[in-house]
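Atoms considered below: every heavy atom in the structure, side chains included; atoms not considered: hydrogens, waters and symmetry mates. Note on naming: letters A, B, ... go to the chains in the order of the sequence lines (proteins, then strands), and numbering restarts at 1 for each one.
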Number of protein chains: 2
Amino acid sequence: MDKDITIYDIAKELDLSPTTVSRALNDHPAVNKNTKQKICDIAAQMGYRSNIFASNLRKQRTNTIGVIVPRLNSPFMSSVMAGMEKEANNADYNLIITQSLETMQKEITNARTMFDSRVDGLLVSLAYETDTMDHFEPFISKGTPVIFYDRVIEHNQCTSIVIDNFQAAYKATCHLAKQGCKRILHLTANQKRNVYADRLKGYRYALIDNNLPFDESFVLITNLSEEAGVEAAQQILKMQPMPDGLFVSNDTAAVSCMRELQKAGIMIPDDIAVVGFNNDPISRVIEPNLTTVNYPGYEMGEVAVRSLIHHLNGLSDITITNTITLRSELIVRASSLRTKIE
Amino acid sequence: MDKDITIYDIAKELDLSPTTVSRALNDHPAVNKNTKQKICDIAAQMGYRSNIFASNLRKQRTNTIGVIVPRLNSPFMSSVMAGMEKEANNADYNLIITQSLETMQKEITNARTMFDSRVDGLLVSLAYETDTMDHFEPFISKGTPVIFYDRVIEHNQCTSIVIDNFQAAYKATCHLAKQGCKRILHLTANQKRNVYADRLKGYRYALIDNNLPFDESFVLITNLSEEAGVEAAQQILKMQPMPDGLFVSNDTAAVSCMRELQKAGIMIPDDIAVVGFNNDPISRVIEPNLTTVNYPGYEMGEVAVRSLIHHLNGLSDITITNTITLRSELIVRASSLRTKIE
DNA sequence: ATTGTTGTTGCAATCGGTTGCAATATAAAA
DNA sequence: TTTTATATTGCAACCGATTGCAACAACAAT
């Protein structure tokens, strides 16, 4: 197993040309059946493996998909990655994964790496901060497809894969209103990102439709970390009057906020009803169980990769498709259910 | 931005040879300072980017690390991935990630993919089922370094990166014994894997050292999924007498088991004290908070990549290093603390 | 016997960098 | 002035697979 076997070695062995060997191994129709069989047998026997660099160099295609993700270690994003990996693997594509850690700087560097790696396509979920698309232009102008998922942006050459954040937030807020909440606070993140902007909008429309006043001081913009949840709770405790409903843009912050409120003696859902977002495992563990929006991460990953590969194979065209919206649903649990009202 | 710029284009532009251009861009010492400067300037200006396939083809090196992981979507593994990505990115390496989904079949396919992709090194955490190492032999005999992390196996050419599972389990079990538990049940997984075999061993030694009898029916082998936790709870409820202590090999199963027990009216920790493993976020959310073993996933990922790259750069030799053991610690929380005993 | 068709194979160029060795220029030493 | 050392640069082969085009054989159609 010292030196690598090449098609030249196989060719010499069978007294054929490298051309024929190459064709045989790629199942080209213009090769005699017997010859093909013989070549494949010998190849297997000699332990041949194709040199993908030579192949890529020649074919100008890499069979590699680049993924830029804000953070790998969140339950939602790791589900997305798992779904992507499965689909990519099925279609014989490799995945190169990098994380932006929510900074635009790293996102730009990552994009550059992907570009240099000549990925066949790029899947991106934007960092909190990102406010320019310049780093994706090289892909566009080279014709490399770019698909945004979850944290997306409008671009006339790129498909976006999302859930209906407006709708989800609208329903979540309406649900709180139905439970009798009059002063609903919204804890969310950077408004540059569609997911948070849309949710805020959904929240506002729901307030209007339920004849509740909108109060700017009832919208807290944070990074939705565990700590942010705690801080939000401390702020809430100081409010006069306190909110009686809480709609948080992710479960991590919702849970840590709930716990901090509980520590201060607040009863959930009676004093404050809470709704989260994502349906992370913790939402089913916290007491009372957290009402949340189920967010199909795994499917989102699958769909993203599948769309990309379809496009690469010419089976569809993502420059035409604008947006793919996946179904999400409000899962009502005890954290927002006021039995007395029901 | 239509056609890619090559070193030939730059060469022509400056009336130099491609050789010199290549050398200049790689900061080769045998190139005149001024020439180098000029070349770099033009390259930047023309938007040149190196074709890594041509380069890899010639250099027989890929600057890519392969990672095989059982599942991407677990809090522990996604932390490991995050740590790996950070370190790899720092050192200008790419990561190709695949998941075995706990089957040996997929692990073998993945290894094959990695081999074909000619990764410079391989990081592996074994699937539950795996019981042969044949699929890693091609790497070994080609001199491609392989490092195992977490779910490891003894191999005289490979370094393993682990925590001291024996020690951790020993401490966890002793802790339960100190809390007055006399009948401690151990819920764990496939004994093919070091992590679970070592923990069982730690559990057994702890029983001995605390003068507690070992009972085979008190060791449940499962896949540690959420469902497995529920089933374990149902089994436990049927036991006569019931265990009064529970040491579970991960937090997911520990939590779902606890909840099922609580549903049946069991008081935790008074009727049954529980210890988990991993320090997942849910362990801090469940009521009562789960005592668990803190498991440095992020660091493990960092260390794995760092060791690999050091080896690749000749700064160390992983065929000499046998095992790198990271620190872990028992985090005592309410799920195992019996105040009356304290 | 001639032309056409189909099936199979090979030639040679190509993808874009890298590198051993030789060539040349320039400066320093004899 | 000649010799030797040093600094720069280029030639040409190479890495391994792919592919347009031509070549050739075998056989059918005319």
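Between the C1' atom of D:dG10 and the CD1 atom of B:Ile39 lies a distance of 12 Å, rounded to the nearest Å. Rounded to an integer number of Å, the gap from A:Leu57 CG to D:dG16 P is 12 Å. Here the P atom of nucleotide C:dG17 and the CG atom of A:Asp116 are 11 Å apart, to the nearest Å.
Ion pairing between a basic and an acidic side chain is recognised when a charged N comes within 4.0 Å of a carboxylate O; B:Glu107 and B:Arg151 show no such pairing. Of the charged side-chain nitrogens involved, at least one lies within less than 4.0 Å of a carboxylate oxygen, so that A:Lys86 and A:Glu302 count as a salt-bridged pair.
With hydrogens and angles ignored, the 3.5 Å screen pairs no side-chain donor or acceptor of A:Thr19 with any backbone N or O of A:Ser17.
Taking 4.0 angstrom as the limit, A:Thr19 places none of its side-chain polar atoms (N or O) nearer than this to OP1 or OP2 of C:dT9. Side-chain N/O atoms of A:Ser55 include one lying less than 4.0 angstrom from OP1 or OP2 on D:dT18. OP1 or OP2 of D:dA17 sits under 4.0 Å from a side-chain N or O of A:Tyr48. In this structure, A:Asn26 reaches the D:dT18 phosphate: one of its side-chain N or O atoms is under 4.0 Å from OP1 or OP2. Look at B:Asn51 and you won't find any side-chain N or O under 4.0 angstrom from OP1 or OP2 of C:dG17. Between B:Ser17 and D:dG10 there is a side-chain polar atom (N or O) within less than 4.0 angstrom of OP1 or OP2. Checking the phosphate oxygens (OP1, OP2) of C:dT18, no side-chain nitrogen or oxygen of B:Gln60 falls inside 4.0 Å. Residue B:Ser22 places at least one side-chain N or O closer than 4.0 Å to OP1 or OP2 of C:dT18.
Residue B:Thr35 places no side-chain atom within donor-acceptor reach of the base of D:dT9, judged by atom type and a 3.5 Å distance cut-off alone. Evaluation of atom-type donor-acceptor distances gives a pair under 3.5 Å for the side chain of A:Arg23 against the base of C:dG10.
Using a 4.0 Å heavy-atom cutoff across all strands shown, A:Tyr8 reaches at least one base atom of the nucleic acid. Within the nucleic acid shown, B:Arg49 comes within 4.0 Å of sugar-phosphate atoms alone, with no base atom in reach, counting heavy atoms only. The residue A:Leu16 sits close only to the backbone: its heavy atoms come under 4.0 Å of sugar-phosphate atoms, none of a base.
Nearest heavy atoms, B:Arg61 versus B:Asn56: O-OD1, 2.5 Å. Taking all atoms of both residues into account, the shortest heavy-atom contact from A:Val146 to A:Ile318 is O-CD1, 3.8 Å.
Nearer to the 5' terminus of DNA chain D, by closest-nucleotide assignment, is the contact made by B:Thr20 (compared with the other of A:Ile7 and B:Thr20).
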